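Reading through the structure tokens given below for one structure.
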There are 2 protein chains.
Amino acid sequence: MNSSKTVGLADVAREAGVSLATASRALNSAYGVAATTRERVAEVARRLEYVASPEASRLATGATRSVALVVPHLDRWYFGEMVGGLEEVLREAGHDVLLYHVGDPEGRHAFFEHLPARRKVDAVVVVAVPVTDHERRRLELMGVTIVAAGGQDATYPYVSIDDAAAVRQATEHLLRLGHRRIAMITAVDPDRTDQPVHRGRTRGFYEAMVRADVPVDEELVVATTWGGVQAAEAMENLLSIRELPTAVLAHSDEMALGAMRTIRRAGLRVPEDISVIGIDDHPLAELVDLTTVRQPVRDQGLQAAHLLLALLRGQKPNLAQKLPTRVVVRSTTTTAREKQPSPAHPAPDTTSH
Amino acid sequence: MNSSKTVGLADVAREAGVSLATASRALNSAYGVAATTRERVAEVARRLEYVASPEASRLATGATRSVALVVPHLDRWYFGEMVGGLEEVLREAGHDVLLYHVGDPEGRHAFFEHLPARRKVDAVVVVAVPVTDHERRRLELMGVTIVAAGGQDATYPYVSIDDAAAVRQATEHLLRLGHRRIAMITAVDPDRTDQPVHRGRTRGFYEAMVRADVPVDEELVVATTWGGVQAAEAMENLLSIRELPTAVLAHSDEMALGAMRTIRRAGLRVPEDISVIGIDDHPLAELVDLTTVRQPVRDQGLQAAHLLLALLRGQKPNLAQKLPTRVVVRSTTTTAREKQPSPAHPAPDTTSH
DNA sequence: CTGAAAGCGCTTACAG
DNA sequence: CTGAAAGCGCTTACAG
């Protein structure tokens, strides 16, 4: 199949005048080879442009030198950015990076069932994908290390942001501007309706409100799946409430943009009538002047990769790393007006224009 | 390292009462095995949850069953979406998907230099990454198939959109609305300043203008690197021109958003004062009501993967596939006013807002 | 420090 | 149709 002969370890050994064993050791291990021998072999290898066959090495050692990246989406900024950070340090460390897209719970299940059957990877990092304790234990039994990048707190090593803190920051920003009727568009993972509602980002909202001693109007808390269009629809419900909110907090920037579209189409202005704040600091947030809470996504990927490498080396790294977030004030939030806007309850109109 | 024994082909063979050779053939090849034998072996394999060791198979056959995805960015929607499409069909076809991020020309060069040294992959698909003919030939000599997903026309198999046609459609949309002073913010790849200017997207603009017999004011054509912020700056230059354009065409939606920010900050309105159209139909374009030219990104990834598979199978697929694009009218474009806006040449102000 | 040899888990001509 | 055997290209105890 491949006509051009590739140079093998045997070629290097012959050329350097040593045995296969010595050549191998010279190229890999630190001990057990005379310095001069090692250098000579290395020199020959370089000259011959020798590259070890990964298949053969893996077969002989049992280690695969590759890690699987499990991601639920590839088309959202968050995931691409995360993967970019992970790839950089893993590749740098000499690992192959295998991409696995698991869309739904079944896909996820299939992945964890089949992967360990025959170890194709030494480790897997899940990007904001939930992993059951059972799945995690299964992997560990098979000797594959697991790490989470982003997502909710896990019972295994992870690096993420403090979701509750991020939303607390957003809420406090609005409270500071004098807002009291604050609405929140909560994101729920469609595959995980089992989860407690008042956790993560949602919890942060309640915490901030309680601390500020501002009562939460439950009517102003709506839930929907991730996504701008879904948030736009949720916003329609919020606009049908008798007393409109003066500010809206969305669980992501995409969702904030969706909410803004609904507000705009209803003939209201942002931020004059309703302030809007998102979470993420999506690259486009800057271009649409959206106030948001910035989370360092690439850094989470970078750190998660380092965490994984430390674990593979048998070190004892910090197993629960949370990266800081901070409010980025742009122009979609402003001080609360005294009077509520009540523009004759404009019928939300999504078809027009 | 791995304590739990995995079941090997030997276990299957023994259990099925056949030799290793027969077991292997039964599981792989279509011919040379009695139907009953094949079934029995398959049954045993299933029961034992046998999974072949990829390392061993690869070492024995020489085929890697894996393909490398080479991408220049991971944090932009376009690339994530493309990769998602590629991953889906390649994984489905039983290939491993290795991710390679090559940021700059050196990285790209290093990739093509080292990859073929020892075949880690059977094929590589480059996502909008330029490949020199020399690099392509090198890969082919080593027996690795190459395919391009997206990007400019290549001298090797590819699937992409017709860049010139996409911009032609955008230009024609503006012309149809009565615009004559149309500005264009051209995207240039910082690594490829060598390329002819009037090609791809840029060429489409000139073609449409010539066809409509509308003279192009070269002052209205500005170039910048991809990116919203860069486009925002380019837009500042356009606003400093004595006679403002009535419409702006940006080479991407991100760039269109950047242009809109500058227009907005200058106190002008979109589309009343200046119409804006982008290219892509980025998922967020819908949320900001941006008029654009839609390109099917995921489909390009899907098709490119199918093209690759066909090539690997030795078939003769269409080596130059172009997917259609179409204008999606939203609310950032409108008919040209009779009079030009000349708001006393507002000084572009990027600090305020 | 170095070498001969076995082994990693498959696949595939070569004989029957 | 089926089996014994060699081989894919490394690594690593085991002896020196």
Side-chain angles (χ1 to χ4, degrees), chain A residues 1-42 44-45 48-66 94 117-120 122 143, chain B residues 1-42 44-45 48-66 94 117-120 122 143:
Chain A
M1 185 170 263
N2 181 348
S3 52
S4 50
K5 303 177 189 63
T6 48
V7 341
L9 185 58
D11 301 300
V12 176
R14 186 181 340 99
E15 196 82 358
V18 296
S19 71
L20 262 180
T22 299
S24 175
R25 276 189 290 253
L27 262 19
N28 299 313
S29 38
Y31 291 93
V33 183
T36 60
T37 309
R38 190 202 330 293
E39 272 169 32
R40 182 153 36 90
V41 174
V44 172
L48 266 44
E49 294 190 308
Y50 167 75
V51 181
S53 155
E55 279 72 43
S57 303
R58 287 169 188 174
L59 185 55
T61 61
T64 69
R65 294 292 291 175
S66 64
R118 186 69 60 156
R119 295 172 53 204
K120 299 178 93 169
D122 293 326
Chain B
M1 187 169 260
N2 181 351
S3 53
S4 51
K5 305 177 187 61
T6 49
V7 342
L9 185 57
D11 301 300
V12 176
R14 186 182 337 103
E15 196 81 1
V18 296
S19 70
L20 263 179
T22 299
S24 174
R25 276 190 289 253
L27 262 18
N28 299 313
S29 38
Y31 292 93
V33 184
T36 60
T37 308
R38 190 202 329 293
E39 273 169 30
R40 183 154 35 91
V41 174
V44 172
L48 268 42
E49 294 189 305
Y50 166 75
V51 181
S53 155
E55 279 72 42
S57 302
R58 289 170 186 172
L59 185 56
T61 61
T64 69
R65 293 292 290 172
S66 63
R118 184 69 60 154
R119 295 172 53 207
K120 298 179 94 168
D122 292 327

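Note that these values count all heavy atoms, side chains included, but never hydrogens, waters or copies made by symmetry. Just so we're on the same page: letters track the sequence lines, and every chain starts at 1. Just so you know, these numbers come straight off a predicted model, no measurement behind them.
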Value in whole Å for how far the [atom2] atom of [N] lies from [atom1] of [X]:
{"X": "B:R65", "N": "C:dC10", "atom1": "CZ", "atom2": "C1'", "result": "15 Å"}
{"X": "B:L9", "N": "C:dC8", "atom1": "CG", "atom2": "P", "result": "14 Å"}
{"X": "A:E39", "N": "C:dT2", "atom1": "CD", "atom2": "P", "result": "12 Å"}
{"X": "A:R14", "N": "D:dG9", "atom1": "CZ", "atom2": "P", "result": "13 Å"}
{"X": "A:L27", "N": "C:dT2", "atom1": "CG", "atom2": "P", "result": "14 Å"}
{"X": "B:E55", "N": "C:dG9", "atom1": "CD", "atom2": "P", "result": "10 Å"}
{"X": "B:D11", "N": "C:dC8", "atom1": "CG", "atom2": "P", "result": "12 Å"}
{"X": "B:N28", "N": "C:dA13", "atom1": "CG", "atom2": "P", "result": "13 Å"}

Legend entry - Gap in Å between the two C1' atoms, one belonging to C:dT12 and one to C:dG16, rounded: 16 Å
Legend entry - B:E39 and B:T36, any side-chain heavy atoms less than 4.5 Å apart: no
Legend entry - A:R40 and A:V18, any side-chain heavy atoms less than 4.5 Å apart: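 Yes, close enough: below the 4.5 Å cut-off.
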Options [options], nucleotide nearest the side-chain atoms of [X]:
{"X": "B:S19", "options": "C:dT11, C:dA4, D:dA4", "value": "D:dA4"}
{"X": "A:S24", "options": "D:dA5, C:dT2, D:dT11", "value": "D:dT11"}
{"X": "A:S57", "options": "D:dA4, C:dT11, D:dT11", "value": "D:dT11"}
{"X": "A:A34", "options": "C:dC1, C:dC10, C:dA5", "value": "C:dC1"}
{"X": "B:A21", "options": "D:dC10, D:dT2, D:dA5", "value": "D:dA5"}
{"X": "A:A60", "options": "C:dT12, C:dT11, D:dT11", "value": "D:dT11"}
{"X": "B:T61", "options": "D:dT12, C:dT11, C:dG9", "value": "C:dT11"}

Inset, instruction - By nearest nucleotide on DNA chain D, pick out whichever of B:T22 and B:L59 is the more 5' one. - result: B:T22
Inset, instruction - Determine which nucleotide pairs with C:dA4, using a 3.5 Å limit on both distances of a Watson-Crick or G-U wobble pair. - result: none
Legend entry - Complementary nucleotide for C:dA13 - Watson-Crick or wobble, under 3.5 Å: none
Inset, instruction - Find which nucleotide of DNA chain C each of A:T37 and A:L20 is nearest to by heavy atoms, and output the residue with the more 5' nucleotide. - result: A:T37
Legend entry - Closest approach of B:Y50 to B:V7 (non-hydrogen atoms, all atoms of both residues): CD1-O, 3.5 Å
Legend entry - Considering all heavy atoms, the nearest A:S66-A:R58 contact: CB-NH2, 4.4 Å
Inset, instruction - Could you tell me the separation between the CD atom of B:E55 and the OG atom of A:S53, rounded to the nearest 0.5 Å? - result: 10.0 Å
Inset, instruction - For C:dG9, take OP1 and OP2 only and decide whether either is under 4.0 Å from a side-chain N or O of B:Y50. - result: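 For C:dG9, OP1/OP2 do not have a side-chain N/O of B:Y50 under 4.0 Å.
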Inset, instruction - Determine whether any donor atom in the side chain of A:R25 lies under 3.5 Å from an acceptor atom in the base of C:dG3, or the reverse, and answer yes or no. - result: yes
Legend entry - B:V41, B:V33, B:T22 screened by side chain to side chain contact (heavy atoms under 4.5 Å, CB included) with B:L27, the one that passes: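 Among B:V41, B:V33, B:T22, the one meeting side chain to side chain contact (heavy atoms under 4.5 Å, CB included) with B:L27 is B:V41.
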